[in-house]
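Notes for the one structure printed next.
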Amino acid sequence: MQNLYIGAKPKKPGLLPGTMIFTGERKVGEITLEAFRYNATEIQRFELKKPAEIPALLHDDAILWLNVNGLHAPEIIAEIGAIFGINSLFLEDILNVGQRPKVEFGPDYLFYVQKMIRANQAEECLNIEQISFIHGRNYLLTFQETEGDVFDSVRQRLTKNIGRIRKAGADYLAYALMDMLVDQYFVVLDNLRELLEPLDDDALDPSAGEDLPAAVRNCKNQLILLRRSISPMREVIDGILRDGGDFWEDATVPYLNDLRDHLLTVTETIDSYRENLSGVLELHLAMLSQKMNSIMRILTVIATIFIPLTFAAGIYGMNFDYMPELRWHYGYYLFWGFCLIIGVLMLAAFKWKKWL
């Protein structure tokens, strides 16, 4: 079942602002640095061994995308931050992987926190990873907790010069990566829908027992985590549109508006799934209640039929000396005939009243 209380471990209290401590779990052996330097005519890919190699890749006529896989070595993140002049508070937020999605503004760069969400179908849960962006005028830095992401199509568009990504600036690259994150949200929602659709049929099956409430709770937890991770991203886009004009070209702004619309669609879909889950559970409880009412109605009919029979049996079970019927030759058969007639008449009356 999806753990609703996932997140980074809190930092120790009393630390100075800007103290760089990794709050997540180590997910890779060594930190890897992957770099793309490109312009409209050419592209180069680099596997860097240490941050000291980065300054040689910076050129005014090219865009640099540096992707960092692994955050467990604060000294490496600090060295990268020193090269680009990144505020220590932003570096602290990069290592504190429980951050809420947000946008903050530096002197000559923007800082974004996003969430990469993927469905773990084997365990029926979500894998949520923090992605941090440092967006400068001719560079984009991305920091991930582990290797493997949803950006392979962006890498392919860069290397094969597909679309306008090589001709545009770092802002369009940032948009392209954010767009891939949002597209992945739709994939996650499709996987959730496959889990939700059978629940509609199970809700009508009273024999579903305890499995259905547990499945509903697991899906609800996933939807809560999804909304918690995705909803603030609309505020990120709004902040960029409102105050990020110096780093975003006018030609890229319509793409951001489109991205905001996609986020709105995702949020509305999550809300509709949550409402549907509430209806599924209510329907299941109503079916259980109906089944219980049917059982109680049958038991009540049986008990009602036996009331006059018990009364008759009680009378003839008394130990009086003078009870003429006890001496009749056919008294025993008459008693059973009386019981049978009473039972049939009562069943007929219940049927006529539509109580059965």
Side-chain angles (χ1 to χ4, degrees), residues 6-8 20 22-28 31-36 63-74 76-77 80-81 84 86 89-106 109-120 126-136 139-155 157-158 165 170-188 225-237 239-240 244 247-248 255-256 259-260 262-263 266:
I6 64 173
M20 297 179 59
F22 179 50
T23 60
E25 297 180 0
R26 180 169 179 170
K27 299 179 180 179
V28 293
I31 291 181
T32 58
L33 307 177
E34 176 191 32
F36 290 88
I63 303 297
L64 175 67
W65 173 24
L66 176 65
N67 184 50
V68 181
N69 294 313
L71 303 175
H72 56 272
I76 294 180
I77 306 302
I80 295 173
F84 291 93
I86 308 302
L89 292 175
F90 296 159
L91 299 177
E92 176 187 10
D93 288 344
I94 290 173
L95 296 177
N96 183 8
V97 294
Q99 293 290 315
R100 185 176 184 266
K102 63 180 180 178
V103 56
E104 295 187 9
F105 303 89
Y109 55 84
L110 301 179
F111 172 59
Y112 318 126
V113 173
Q114 308 279 334
K115 296 294 183 180
M116 181 168 62
I117 305 174
R118 287 174 286 188
N120 186 334
L126 301 177
N127 293 332
I128 302 177
E129 179 184 346
Q130 176 170 304
I131 306 289
S132 301
F133 294 71
I134 299 291
H135 173 195
Y139 65 85
L140 182 70
L141 313 180
T142 52
F143 299 85
Q144 306 183 38
E145 297 180 56
T146 184
E147 294 181 352
D149 51 39
V150 297
F151 302 144
D152 287 341
S153 63
V154 176
R155 294 182 178 93
R157 286 156 59 188
L158 280 172
I165 191 168
D171 59 330
Y172 190 84
L173 175 61
Y175 154 74
L177 297 180
M178 292 181 189
D179 186 52
M180 293 309 304
L181 293 177
V182 175
D183 286 347
Q184 183 63 24
Y185 299 158
F186 286 102
V187 175
V188 171
L225 286 174
L226 268 179
R227 205 180 197 290
R228 184 189 300 169
S229 301
I230 295 173
S231 181
M233 288 187 62
R234 291 172 57 196
E235 301 174 13
V236 173
I237 303 300
I240 293 173
F247 296 89
W248 289 82
Y255 295 97
L256 287 178
L259 191 62
R260 188 183 186 280
H262 290 171
L263 286 169
V266 170

Does [X] have any side chain to side chain donor-acceptor pair (under 3.5 Å) partners at least two apart in sequence or in another chain, and if so, which?
X: Gln184; result: none
X: Gln114; result: none
X: Tyr112; result: His135, Trp248
X: Thr146; result: none

Min side-chain heavy-atom separation [X]-[Y] under 4.5 Å:
X: Glu129; Y: Arg118; value: yes
X: Asp93; Y: Glu104; value: yes
X: Met178; Y: Tyr255; value: no
X: Leu95; Y: Thr23; value: no
X: Arg234; Y: Val266; value: no
X: Lys115; Y: Leu181; value: no
X: Val187; Y: Val150; value: no
X: Val182; Y: Leu263; value: yes

Original post:
Which of these passes side-chain contact (heavy atoms from CB on, under 4.5 Å) with Ile128: Leu226, Val188, Val97, Ile117?
Top reply: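 With Ile128 as partner, Leu226, Val188, Val97, Ile117 yield a single side-chain contact (heavy atoms from CB on, under 4.5 Å), made by Ile117.
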
Original post:
Counting distance only, does the side-chain N/O of Gln130 pair as donor-acceptor with the main-chain N or O of Gln99 below 3.5 Å?
Top reply: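 Flag set: sc Gln130 to bb Gln99 pair under 3.5 Å.
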
Drop me the distance from [X]'s [atom1] to [Y]'s [atom2], to the nearest 0.5 angstrom.
X: Ile31; Y: Leu71; atom1: CD1; atom2: CG; answer: 6.5 Å
X: Ile77; Y: Ile86; atom1: CD1; atom2: CD1; answer: 11.5 Å
X: Ile237; Y: Tyr175; atom1: CD1; atom2: OH; answer: 10.0 Å
X: Ile94; Y: Phe133; atom1: CD1; atom2: CZ; answer: 11.5 Å
X: Leu177; Y: Tyr172; atom1: CG; atom2: OH; answer: 11.0 Å
X: Ile165; Y: Leu158; atom1: CD1; atom2: CG; answer: 4.0 Å

Subject >> Full working for side chain to side chain contact (heavy atoms under 4.5 Å, CB included) between Tyr139 and Ile134 >> reply: CA-CA 8 Å; Tyr139 65 85; Ile134 299 291; 4.0 Å; yes

Subject >> Results of side chain to side chain contact (heavy atoms under 4.5 Å, CB included) for Thr32 - residues two or more places apart only >> reply: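 Here the qualifying residues are Asn69, Glu147.
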
With sequence neighbours left out, write down each residue that passes salt bridge (charged side-chain N to carboxylate O under 4.0 Å, His left out) with [X], or none if nothing qualifies.
X: Arg260; value: Asp238
X: Asp179; value: none
X: Glu235; value: Arg100
X: Arg157; value: none

Original post:
Would Tyr185 and His262 count as a side chain to side chain contact (heavy atoms under 4.5 Å, CB included) if you check the C-alpha gap in whole Å, the side-chain angles of each, and the deciding distance to 0.1 Å?
Top reply: CA-CA 10 Å; Tyr185 299 158; His262 290 171; over 6 Å; no

Distance-minimising heavy-atom pair for [X] and [Y]:
X: Ala176; Y: Val154; value: O-CG2, 4.0 Å
X: Pro74; Y: His72; value: CD-O, 3.3 Å
X: Val113; Y: Ser132; value: CG2-OG, 4.4 Å
X: Leu126; Y: Ala119; value: CD2-CA, 4.3 Å
X: Pro232; Y: Pro101; value: CB-O, 3.6 Å

**OP:** Report the C-alpha distance between Phe84 and Ile80 in whole Å, list the side-chain angles of each, state the deciding distance to 0.1 Å, and finish with yes or no for side chain to side chain contact (heavy atoms under 4.5 Å, CB included).
**Re:** CA-CA 7 Å; Phe84 291 93; Ile80 295 173; 4.1 Å; yes

With sequence neighbours left out, what residues match [X] under ring pair (Phe, Tyr, Trp, His ring centres under 6.0 Å)?
X: Phe90; value: Tyr109, Phe111
X: Phe151; value: none
X: Phe22; value: none

**OP:** Determine, stepwise, if the pair Val68 / Leu141 fulfils side chain to side chain contact (heavy atoms under 4.5 Å, CB included).
**Re:** CA-CA 8 Å; Val68 181; Leu141 313 180; over 6 Å; no

